[in-house]
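Each remark here refers to the structure printed beneath this line.
Lettering follows sequence order; numbering is per chain, from 1.
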Number of protein chains: 2
Amino acid sequence: MSDLTLSSGLEDYLECIYNNIEHNGSVKAIELSRELNVSRASVTDALHRLAEKKYINYERYGSIEITSKGIEKATEVIGKHTILTKFFEKVLKLSNEEASENACSIEHVITQNAFKKLKDFTQQYAGKND
Amino acid sequence: MSDLTLSSGLEDYLECIYNNIEHNGSVKAIELSRELNVSRASVTDALHRLAEKKYINYERYGSIEITSKGIEKATEVIGKHTILTKFFEKVLKLSNEEASENACSIEHVITQNAFKKLKDFTQQYAGKND
DNA sequence: TATAATTGTTAGTTTTGTCTAACAATTATT
DNA sequence: AATAATTGTTAGACAAAACTAACAATTATA
């Protein structure tokens, strides 16, 4: 019985897959390799693990397709990323780069509830200070 | 040449070692095993890795002593933990338990600069709203 | 359409961190 | 002091993620 949850690492792959498909209609392994700074071999491994957990459909030499389960997870993580970045940028006044860097690590570990509160707080705050 | 940086996992061991020594004057492996919910064997491994990186002094069947380097790192992480908990509790109004849970994961990944800004923000905010 | 370049896969290795089970050392109890 | 209980270590497995090097498939180009 395989574990169905995603590690931070696999969430990053999924996020990247989703974003590329959104913007370009498709993704290739070489592109994930470039954007995530990992070897092509590591991408192949990750694609197999994601497929095993049903977040994507993938067969050797085939195209990478994201499943509805994958879309759900990806949008969830990306939503967190967006709000966290906004919080660090608008509330704490960090550069976009550092805001995004922090968002990128925290998005994988923050609890649902904490995120919800942070989201409300950030939106309140941004409303008042814009 | 061994890597001198600490993973999240090893930081947790070090934090636990430091806190126990502070409160009780010493720690035993069994206590770390209990508090961190890992086997005694895993603790032995972790102690060797921490000793190799010079964060603690340790020899088989010997007592666990934290080095000055270890104290520096532990207090840094604990400092982050404290402020992050305060932020989640006082600013976002989470329960102490959930505040601490989030602090526990974020303390290992937040950048120095982001932490500094968050600290200032939290102290400002707490000052105004107490 | 051959050939060359690019992309993807496989096999084998490494590191980190975990586990269990068996054994050794230490500490407590009778 | 001898025995029992607790604590610590070792050995051997396993899983997740990464790597390189060699090879296979695909795509582009001469």
Side-chain angles (χ1 to χ4, degrees), chain A residues 1-17 20-21 24-66 70 73 77 104-105 107-109, chain B residues 1-17 20-21 24-66 70 73 77 104-105 107-109:
Chain A
M1 183 86 55
S2 76
D3 182 8
L4 301 166
T5 65
L6 284 191
S7 62
S8 301
L10 286 189
E11 281 187 4
D12 284 333
Y13 280 101
L14 188 63
E15 214 175 331
C16 200
I17 288 166
N20 270 276
I21 291 178
N24 318 316
S26 65
V27 224
K28 298 215 291 175
I30 188 81
E31 185 57 27
L32 300 175
S33 168
R34 270 192 288 263
E35 292 186 26
L36 299 170
N37 293 304
V38 292
S39 69
R40 299 195 308 277
S42 298
V43 175
T44 301
D45 285 354
L47 293 177
H48 287 327
R49 292 197 304 274
L50 282 172
E52 205 176 300
K53 291 163 194 279
K54 312 286 186 199
Y55 289 91
I56 64 171
N57 290 133
Y58 189 66
E59 283 172 29
R60 55 202 290 275
Y61 295 106
S63 64
I64 299 166
E65 283 159 20
I66 193 162
K73 169 62 83 177
V77 176
C104 213
S105 4
E107 70 194 17
H108 303 295
V109 298
Chain B
M1 183 85 58
S2 76
D3 182 5
L4 302 167
T5 63
L6 285 191
S7 62
S8 302
L10 285 189
E11 281 186 4
D12 284 333
Y13 280 101
L14 189 62
E15 213 175 331
C16 199
I17 288 166
N20 271 276
I21 290 177
N24 318 317
S26 65
V27 224
K28 299 214 291 176
I30 188 83
E31 185 57 27
L32 301 175
S33 167
R34 269 191 288 264
E35 291 186 26
L36 299 170
N37 293 305
V38 292
S39 70
R40 299 194 311 273
S42 298
V43 175
T44 301
D45 285 354
L47 293 176
H48 289 328
R49 291 197 306 273
L50 282 172
E52 206 177 296
K53 291 163 192 278
K54 311 287 186 200
Y55 289 90
I56 64 172
N57 290 134
Y58 190 65
E59 284 171 28
R60 57 203 287 277
Y61 295 106
S63 64
I64 299 165
E65 283 158 19
I66 192 161
K73 170 61 83 177
V77 176
C104 212
S105 7
E107 69 194 17
H108 304 296
V109 299

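Shown here are the side chain to side chain contact (heavy atoms under 4.5 Å, CB included) partners of B/Glu59, two or more places apart in sequence or in another chain: there are none. With sequence neighbours left out, A/Asn57 forms a side chain to side chain contact (heavy atoms under 4.5 Å, CB included) with A/Glu65, A/Thr67. In this structure, the side chain to side chain contact (heavy atoms under 4.5 Å, CB included) partners of A/Ser7, at least two apart in sequence or on a different chain, are A/Leu10. Judged as a salt bridge (Lys or Arg N to Asp or Glu O under 4.0 Å), and not counting sequence neighbours, A/Arg40 has no contacts. Shown here are the salt bridge (Lys or Arg N to Asp or Glu O under 4.0 Å) partners of A/Glu15, two or more places apart in sequence or in another chain: there are none. Take B/Asn20 and apply the side chain to side chain donor-acceptor pair (under 3.5 Å) test, not counting sequence neighbours, and it matches B/Asn24, B/Glu35. With sequence neighbours excluded, the residues satisfying side chain to side chain contact (heavy atoms under 4.5 Å, CB included) with B/Ser42 are B/Tyr13, B/Val38, B/Ser39.
One finds a side-chain N or O of B/Arg49 lying less than 4.0 angstrom from the OP1 or OP2 phosphate oxygen of C/dG17. When the side-chain nitrogen and oxygen atoms of B/Ser39 are compared with OP1 and OP2 of C/dC19, one or more of them lie within a distance under 4.0 Å.
Atom CG in A/Leu47 sits roughly 15 Å away from atom P in C/dT7 (whole-Å rounding). Between B/Leu32 atom CG and D/dT9 atom C1' there is a gap of 15 Å when expressed in whole angstrom units. Taking atom NE2 of residue A/His48 and atom P of nucleotide C/dG8, one finds them 12 Å apart after rounding to whole Å. Between the CD1 atom of A/Ile30 and the C1' atom of C/dA5 there is a distance of 12 Å, rounded to whole Å. Spacing between atom CD of B/Glu35 and atom P of D/dT7 amounts to 14 Å, rounded to whole angstrom units.
Of all nucleotides listed (C/dC19, D/dA18, D/dT10), C/dC19 comes nearest to the side chain of B/Val38. Relative to the side chain of B/Ser42, the nucleotides C/dT10, C/dG8, C/dC19 differ in distance, and C/dC19 lies closest.
Annotation: the span from A/Leu50 atom CG to A/Ile64 atom CD1 amounts to 9.5 Å, rounded to 0.5 Å.
Using a 4.0 Å cut-off between a side-chain N of Lys or Arg and a carboxylate O of Asp or Glu, A/Arg34 and A/Glu31 qualify as a salt bridge.
Nucleic acid contact class of A/Ala29 (heavy atoms, under 4.0 Å, all strands): sugar-phosphate only.
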Pull out every protein N or O sitting under 3.5 Å from an N or O of nucleotides 23-28 of chain C, one pair per line with the distance.
residue : atom : partner : partner atom : Å
C/dA25  : O4'  : B/Tyr61 : OH           : 3.4

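Nearest-nucleotide mapping onto DNA chain D: of B/Glu31 and A/Asp45, the residue sitting toward the 5' end is B/Glu31.
Listed by residue number, the members of residues 7-14 of chain B with any heavy atom below 4.0 angstrom from DNA chain C are B/Ser7, B/Leu10, B/Tyr13.
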